[in-house]
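Sending over a structure as structure tokens; questions will come in a sec.
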Amino acid sequence: MSDLTAIYPPPAEFAAKANVSGMAAYQALYDKAKEHPEEFWGELAEKELHWFEKWNHVFEWNPPFVKWFVGGKTNLSYNCIDRHLNGPRKNKVAILWEGEPGDQRAITYQELHRLVSRFASCLKARGHKAGDRAIIYMPMVPEAAVAMLACARLGIVHSVVFGGFSSEALKARILDLEAQLVITADGGWRRGKEIRLKDAADEAMTGCPSVKDCVVLRRTGSTVPMQEGRDHWWHDLDATASEDCPAEPLDSEHPLYVLYTSGTTGKPKGILHTTAGYALQAAMTMKWVFDLKEEDTYWCTADIGWVTGHSYIVYGPLAAGATTLMYEGAPDFPNFGRFWRIIEKYKVNIFYTSPTAIRALLRQGDQWPNAHDLSSLRLLGSVGEPINPAAWEWYHRVIGKGRCPIVDTWWQTETGAILIAPMPGAVGAKPGSGTLPMPGILPEVVDFNGNPMGDDREGFLIIRRPWPSMLRTLWGDPERYKEAYWSRIPGIYFTGDAARRDKDGYFWILGRVDDVMNVSGHRLSTMEVESALVRHPAVAEAAVVGKPHEVTGQAVCAFVSLKKGDHDTAALGKELRQWVAHEIGAFARPEEIRFSEALPKTRSGKIMRRLLRDIVNNNTVSGDVTTLEDMNVLTRLAAQHDEG
Ligand code: 7RM
């Protein structure tokens with residue numbers, strides 16, 4: 001199949017100027033990292049990062065626990081800011097920002113240093129220190145990055161919670177981290193409406209005794225209640241802040257942040273990333289994958305609440321000394337030209353977005369992008385889910401005008417940085433393939449026993465060796481860490497994705513093999529939605545599966561059986577969709593709810609989601625159903641669909 005797929009080679013003009021030019025250069029890097037990992041990473045760490053104290057060994061691997069740059073002392077905030085101040089980057093724009101209403105800011109590295117130092121000194125003055133935990137629940141404004149960098153400066157472990165998460169989801173994260181500090185805002189703008197963050201934070205903080213301080217940024221100017229003693233306006237603290245707040249020399253393995261992501265149970269996993277290895281790989285992939293040049297204007301459209309925002313809006317770009325653009329609002333506000341207008345206005349050179357966004361904008365027609373000058377673009381990126389050939393082709397032709405390479409970047413919250421993607425001046429693209437691994441990454445496609453599959457055969461995607469930006473554990477749950485990633489094939493990192501590798505060594509990611517859905521590139525577990533549904537008083541049981549969706553990749557489809565009684569199912573359907581939005585966040589709202597008297601189960605009582613998946617995908621059931629307890633349930637579920 002793969003040999004029928006056209007390769008788009010790196011355009012000669014692009015390759016001539018690329019950071020890594022030509023296949024031989026890629027291969028040399030890859031081989032060196034594979035044969036001599038200590039030398040490879042050690043040299044890069046020395047060259048690319050600032051160290052307060054040098055490390056003793058490059059890495060220590062006690063499966064499944066790894067340490068990188070053992071014994072070293074560094075600081076990511078220092079590497080993202082201070083390091084750039086004694087040279088030509090001092091007055092370079094670090095963060096270029098546009099708010100949804102159209103307000104804009106350009107913050108230089110020097111100014112970022114001032115803002116971060118001031119905010120960090122406020123936190124320090126209030127007693128927050130290395131090892132403490134902070135929750136950041138903010139809109140996409142520069143202060144969100146300032147808050148992250150201020151925490152990193154002091155060694156405060158931060159956890160950014162996506163502003164689209166509900167108060168319930170926020171509360172669960174505050175509790176799990178026993179956070180002392182919550183940093184939020186009155187609200188943010190989305191499609192012209194205010195997302196009231198402080199209200200949600202207030203709801204979340206009741207019953208969270210660990211929270212001592214809540215810092216509130218004024219963004220929308222709306223009225224919010226402030227609790228005496230606990231709540232402080234950012235600008236009030238800032239009024240008397242010191243500008244002298246040196247970065248703490250932190251251990252290479254000092255915990256940097258925890259980011260919650262969906263696993264296969266109802267409880268999200270707190271992915272822990274640490275300092276030095278994460279910093280190095282985030283910065284290197286900026287140069288390798290995005291071919292970052294000093295003069296580039298780089299824009300990643302993710303939200304900082306997701307890992308892409310951490311690694312490729314804040315930490316990677318700033319560590320690499322880039323100008324990173326941040327946009328607060330929705331792609332369709334005030335109209336479908338917003339992204340293209342931003343590219344034109346700021347002369348964006350590198351644009352990184354998701355297949356969902358591409359598909360949504362493609363459907364609106366070429367007149368939107370065609371109304372803008374996109375000639376500044378030189379490289380396009382994609383992340384979050386497989387990109388279908390039609391979307392790839394449109395992105396390439398209509399946005400990139402056939403000139404710009406596309407980097408399809410495969411990685412996960414857990415991997416910290418991009419692991420499979422082309423170096424655009426070296427590796428040709430095949431639409432839909434993440435292409436080849438980054439240096440130091442040894443992915444393979446294997447069967448259930450860990451045996452390599454042949455070319456073009458589907459199997460599980462695993463990674464054979466630890467890499468610098470790998471997660472270190474799950475917050476407070478090392479057992480689940482072992483179980484989730486290192487037990488399927490003992491001692492080998494299991495990604496949870498299915499994949500195949502073609503005869504050119506290109507990787508094709510086929511999607512999740514576990515109970516994790518991918519809705520608009522947002523990870524969501526079936527169990528998380530099920531747990532939310534069964535918390536509703538009318539619901540007896542729920543089973544959730546992902547179904548294919550033209551724009552969002554997958555959509556949430558819920559099968560629900562109700563407790564005894566009279567129910568108005570039409571009204572209840574609406575109510576349950578709203579309920580899930582309240583319990584988790586609007587992005588998790590089921591597209592479809594099907595009511596059923598019972599759900600298909602094994603004899604041991606496990607819901608057979610595979611069968612439900614069959615129903616929503618094909619409206620038929622295939623495969624082995626001998627373990628099914630009540631076959632009639634299935635017939636009814638399928639028939640219900642036929643009746644409409
Ligand atoms: C960065 C991010 C991770 C899951 C992963 C895959 C899917 C991500 C791609 C992709 C195909 C891609 N982190 N995924 N990127 N599938 N091609 N380029 O998305 O933790 O939120 O999700 O997303 O299934 O395991 S994540």
Side-chain angles (χ1 to χ4, degrees), residues 160 162 164-165 257-264 268-273 278 281-282 285 289-290 300-313 315-316 352-359 380-389 391-392 395 406-422 429-438 441 443 445 458 460-463 469-471 474 484-485 488 493-501 506-525 528 546 552-554 585 587-588:
V160 183
F162 171 51
F165 273 117
Y257 68 79
V258 173
L259 186 58
Y260 287 87
T261 191
S262 298
T264 52
K269 305 185 280 198
I271 307 295
L272 177 70
H273 283 294
Y278 174 83
Q281 216 165 352
T285 45
V289 179
F290 296 112
C300 166
T301 69
D303 190 282
I304 46 149
W306 308 108
V307 74
T308 307
H310 287 62
S311 301
Y312 296 108
I313 295 178
Y315 291 123
Y352 189 31
T353 194
S354 67
T356 288
I358 297 166
R359 286 190 294 264
L380 303 172
S382 170
V383 62
E385 41 182 321
I387 180 164
N388 51 306
W392 195 100
Y395 198 27
I406 297 179
V407 290
D408 181 351
T409 63
W410 178 87
W411 60 297
Q412 309 177 296
T413 307
E414 290 85 344
T415 69
I418 295 166
L419 297 198
I420 302 178
K430 300 185 192 184
S433 169
T435 76
L436 302 179
M438 287 288 108
I441 307 304
V445 177
E458 187 172 326
F460 302 114
L461 181 67
I462 56 106
I463 315 285
S469 64
M470 182 177 110
L471 81 165
L474 296 179
Y485 304 108
R488 174 71 71 97
Y493 178 79
F494 177 65
T495 63
D497 279 342
R500 65 189 166 78
R501 185 163 61 183
Y506 278 44
F507 286 85
W508 299 78
I509 310 298
L510 303 167
R512 303 290 305 190
V513 294
D514 52 16
D515 292 321
V516 173
M517 296 173 290
N518 192 329
V519 180
S520 303
H522 298 160
R523 245 168 94 164
L524 188 62
S525 104
E528 229 172 313
T552 59
Q554 280 190 310
F587 68 94

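Predicted model only: the values in this text are computed from it and were never measured. Note that ligands are numbered from 1 as they come in the structure, with each ligand's atoms numbered from 1 the same way.
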Side chain to side chain contact (heavy atoms under 4.5 Å, CB included) partner of Leu461, the single match among Trp410, Phe494, Tyr493:
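Single pass found, and it is Trp410.
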For the pair Trp306 and Phe162, name the ring-plane relationship: parallel under 30°, tilted 30 to 60°, perpendicular over 60°.
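Tilted, since the angle between the ring planes falls between 30° and 60°.
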With Pro386 via side chain to side chain contact (heavy atoms under 4.5 Å, CB included) - residues at least two apart:
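Listed in chain order: nothing, the list is empty.
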Distance-minimising heavy-atom pair for Leu380 and Tyr395:
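Closest approach of Leu380 to Tyr395, heavy atoms only: CD1-O, 3.5 Å.
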Determine whether a donor-acceptor pair (N or O, by modelled atom type, separation under 3.5 Å) exists between the side chain of Arg523 and the backbone of Ser262.
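Yes, Arg523 side chain to Ser262 backbone: donor-acceptor pair under 3.5 Å.
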May I ask you to check whether Phe165 and Tyr260 place their ring centres under 6.0 Å from each other?
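That pair fails the under 6.0 Å test.
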At a 4.0 angstrom heavy-atom cut-off, what protein residues surround ligand 1?
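Lining ligand 1 at under 4.0 Å, by heavy atoms, one finds Val307, Thr308, Val383, Gly384, Glu385, Pro386, Asp408, Thr409, Trp410, Trp411, Gln412, Thr413, Asp497, Ile509, Arg512, Asn518, Arg523.
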